[in-house]
Amino acid sequence: MDIAVFLTAAKAYPPPQNPDGTQMRFSYGTAGFRTVGTTLNSTVFRSGALAAVRSRVTGRACGIVITASHNPEFDNGIKLVDCTGGMLPTSWEADAESLANAESDDEMKRVLEKLLALDEPAESLHPPPPPGLDAGNIPYVFLARDTRPTGPELAKAALAGAKAAGATVDDLGLNTTPQGHFAVYASYRGAPNTEEAYYKRLAQGYASLLKEDGDHDDSSPVEPIFVDCANGVGAGKFTKLINAVEETGVSIPIKLHNHEGTPGTLNNQVGADYVQKEQKPPKFGGFDALPSNAKCVSIDGDADRLVYFYTDENKKTTLLDGDKIAALVATHVSGLLKRCGESLLDPVTKKPLDVGVVQTAYANGASTKYIEQVLKMKTKCTPTGVKWLHPAAEAFDVGVYFEANGHGTALFSETAIDRIRTVAENSDGSLPADALRALKSLLALTEAINPAVGDALSGVLVVEAILQAKRWGLRDWNTMYSDLPSKQVKVKVQDRSVITTTDAERRCMTPSGMQQAIDAKVSEFGNDARAFARPSGTEDVVRVYAEAATREGADSLAKEVSKVVYTFAGGTGDAP
Ligand code: G16
């Protein structure tokens, strides 16, 4: 890389200044940089270069998605995709931040030289790319953006940064975050990486799932699925997916709401984040006029999360969040594995595949209990953020991960896929027909689900196929377990970095005395009560979560803990 060329190009992207004349600082949060879109030009330019450097160091293509996902329309951000299709390794975050905040050419040069000197192979958990695979022009960067007004300008800046660092840029244009990840994932494996190839793969996986799990010729679901697209990038992509599904000869009765051409703005009282946090239907899109108990789904602005919900005759809305999706997928996977009998035992050690579910502190206590006690599966709790859940799920042969907010997927290790495929292909009639169908169904699931990151679109296909296999409606699904009432609130503080946490964010270490005060409040709400506070990594707020045996208990506990946070962490504005 010619650093001098990069530094010259960077002159066109000076960092913005604060009102006091100091340089504005940007922090790398839960999913990359995220703040008011109009301030991000320099950060995006420099992140474009960082993606190119990461590509150069790993010898494989990397990616960038310009999105602020669930945030309001005026925000924007950058998600950086590592060469294997996952998130940028956390070990690079500090350098990404140093590059974004460098105040001189020398500082930028120092960071770039440090990174370029690394000789870092792709993450060790992933197999190397197929032998002989031509990596193409390295450095190579895939670039996608969502529908925000600041998107085109920022995408130009990212492209300029990557090019100034010597990269070839593959501009995917308006696209979802999961498609950005999949393009990189597929490129790493030498597989077709276009949007068309991706939706074809999902559609074929879905059709095979219906075929293997159904017991009649046309197992396509018929109950309409009303999807709130949050006025984001997902709507147009759903249309492509539906077409790809129809080309396989099956159908999926999706009706799209809150998309381009309908009133409303991005994520504004619509979308997965709103529905999950408020536990009510989207305000726009006509959801109040749907028939009672209609099957509804909300996705977010970049289509990487989904939640289901229905509103009954009494206008009570029931949310089926990421925890319920995890329980559904885990139940299905565990059922299929049981049907495979001993065929999937390790040929040498005779051990079964190691299966687990990864959650965060936000997972409803009832869901964790269900997975551990009813499904008898292992669970693991990580801090918030796909960047933590995804690698934890990769440590299992089959790892299902979902955040309560609807981010997640199911990962099958290469060993697991190889074993399933080998057994299915070499059964010679020796396997019971039902075991063979279960094996084929597992293989179909690996195709219908995004293997690189959670995808709301593939999430809908997988949920629908499982519900269809079980002949379940949303009410049946909901009875898997009863959620403990929970409440999430945001507290504004002067500087949220004063709060530091431990134990997968379930306990605060600072400010001093705050955790003891939270514990004292929790102890007043009975045995089932639980609460925690953590600084958000995507919004300038502190998030408070509380659950308790009753709705009133959860609401009051959330309020009490918010007051504690406000007092100890320098609350601003009106006290809770
Ligand atoms: C991002 C991350 C998620 C995380 C969410 C909220 O989602 O990808 O893993 O759960 O932020 O994070 P926080 O609580 O730190 O604000 P998205 O959909 O906004 O990209």
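When a ligand or atom number is given, it counts from 1 through the structure's own listing order. Since we're looking at a predicted model, the values are computed, not measured.
Annotation: the span from Glu278 atom CD to Leu319 atom CG amounts to 11.5 Å, rounded to 0.5 Å.
Near Arg534, meaning under 4.0 Å from any of its heavy atoms, are these atoms of ligand 1: 13 (P), 14 (O), 15 (O). Those atoms of ligand 1 that come under 4.0 Å of a heavy atom in Asp300, given as number and element, are 18 (O). Within ligand 1, the atoms closer than 4.0 Å to a non-hydrogen atom of Ser536 are 13 (P), 15 (O), 16 (O), numbered from 1 in the order shown. Close approach of ligand 1 to Gly385 is summarised as follows: ligand atoms under 4.0 Å from at least one heavy atom of the residue are 9 (O). Annotation for ligand 1: atoms under 4.0 Å from non-hydrogen atoms of Arg305 are 5 (C), 7 (O), 17 (P), 18 (O), 19 (O). Here is the list of ligand 1 atoms found below 4.0 Å of a heavy atom in Ser69: 17 (P), 18 (O), 19 (O), 20 (O). For ligand 1, the atoms lying closer than 4.0 Å to a non-hydrogen atom of Arg543 are 13 (P), 14 (O), 16 (O). Heavy-atom contacts of Asp304 reach the following atoms of ligand 1: 18 (O) (cutoff under 4.0 Å).
For the pairing with Arg34, the side-chain hydrogen bond (donor to acceptor under 3.5 Å, both in side chains) check across Thr67, Asn71, Asp75, Thr43 returns one residue only, Asn71. Arg305 pairs with exactly one of Thr177, Asp455, Asp273, Asp321 by the side-chain hydrogen bond (donor to acceptor under 3.5 Å, both in side chains) rule, that one being Asp273.
More than 12 heavy atoms of other residues, nucleotides or ligands sit less than 6.0 Å from atom NZ of Lys277. In Asn18, the CG atom is crowded: over 12 heavy atoms of neighbouring residues, nucleotides or ligands sit closer than 6.0 Å.
With respect to Glu464 and Lys295, a salt bridge is recorded, a charged nitrogen being found less than 4.0 Å from a carboxylate O.
Backbone and side-chain nitrogen or oxygen atoms of Asp302 are examined, and none is located within less than 3.5 angstrom of a nitrogen or oxygen of ligand 1. At least one N or O atom of Thr30, backbone or side chain, sits closer than 3.5 Å to an N or O atom of ligand 1. Considering backbone and side-chain N/O of Pro535, none are found under 3.5 Å from N/O of ligand 1.
From the protein, the heavy atom lying nearest to atom 11 (O) of ligand 1 is Thr538 CG2, 3.3 Å. Looking only at heavy atoms of the protein, atom 19 (O) of ligand 1 is closest to His70 ND1, 2.4 Å. Looking from atom 3 (C) of ligand 1 to the surrounding protein, the closest heavy atom is Glu403 OE1, 3.2 Å. Atom 20 (O) of ligand 1 has Lys79 NZ, 2.7 Å as its closest protein atom, hydrogens excluded (heavy atom only).
Only the side chain of Thr384 comes within contact range of ligand 1, with a heavy atom under 4.0 Å; no backbone atom does. With a 4.0 Å cut-off on non-hydrogen atoms, Asn405 touches ligand 1 through its side chain and not its backbone.
Between the choices Ala68, Ala31, Gly271, the shortest heavy-atom distance to atom 2 (C) of ligand 1 belongs to Ala31. Of the candidates His407, Arg34, Lys387, the one placing a heavy atom closest to atom 8 (O) of ligand 1 is His407.
Here the closest heavy-atom approach between residue Leu202 and residue Ala448 is recorded as CD2-O, 3.4 Å.
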For Asp555 and Lys559, what are the C-alpha separation, side-chain angles and deciding distance, and is it a salt bridge (Lys or Arg N to Asp or Glu O under 4.0 Å)?
CA-CA 6 Å; Asp555 291 353; Lys559 189 158 193 184; over 6 Å; no

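Taking the six-membered ring for Trp and thresholds of 30 and 60 degrees, Phe287 and His257 have ring planes inclined between 30 and 60 degrees apart.
Glu403 and Thr360 share no side-chain donor-acceptor pair at under 3.5 Å.
Legend: ring-ring contact (aromatic ring centres under 6.0 Å, His included) pairs involving residues 490-516, not counting sequence neighbours: none detected.
The six-membered or imidazole ring of Phe182 lies near that of Tyr198, with a centre-to-centre distance under 6.0 Å.
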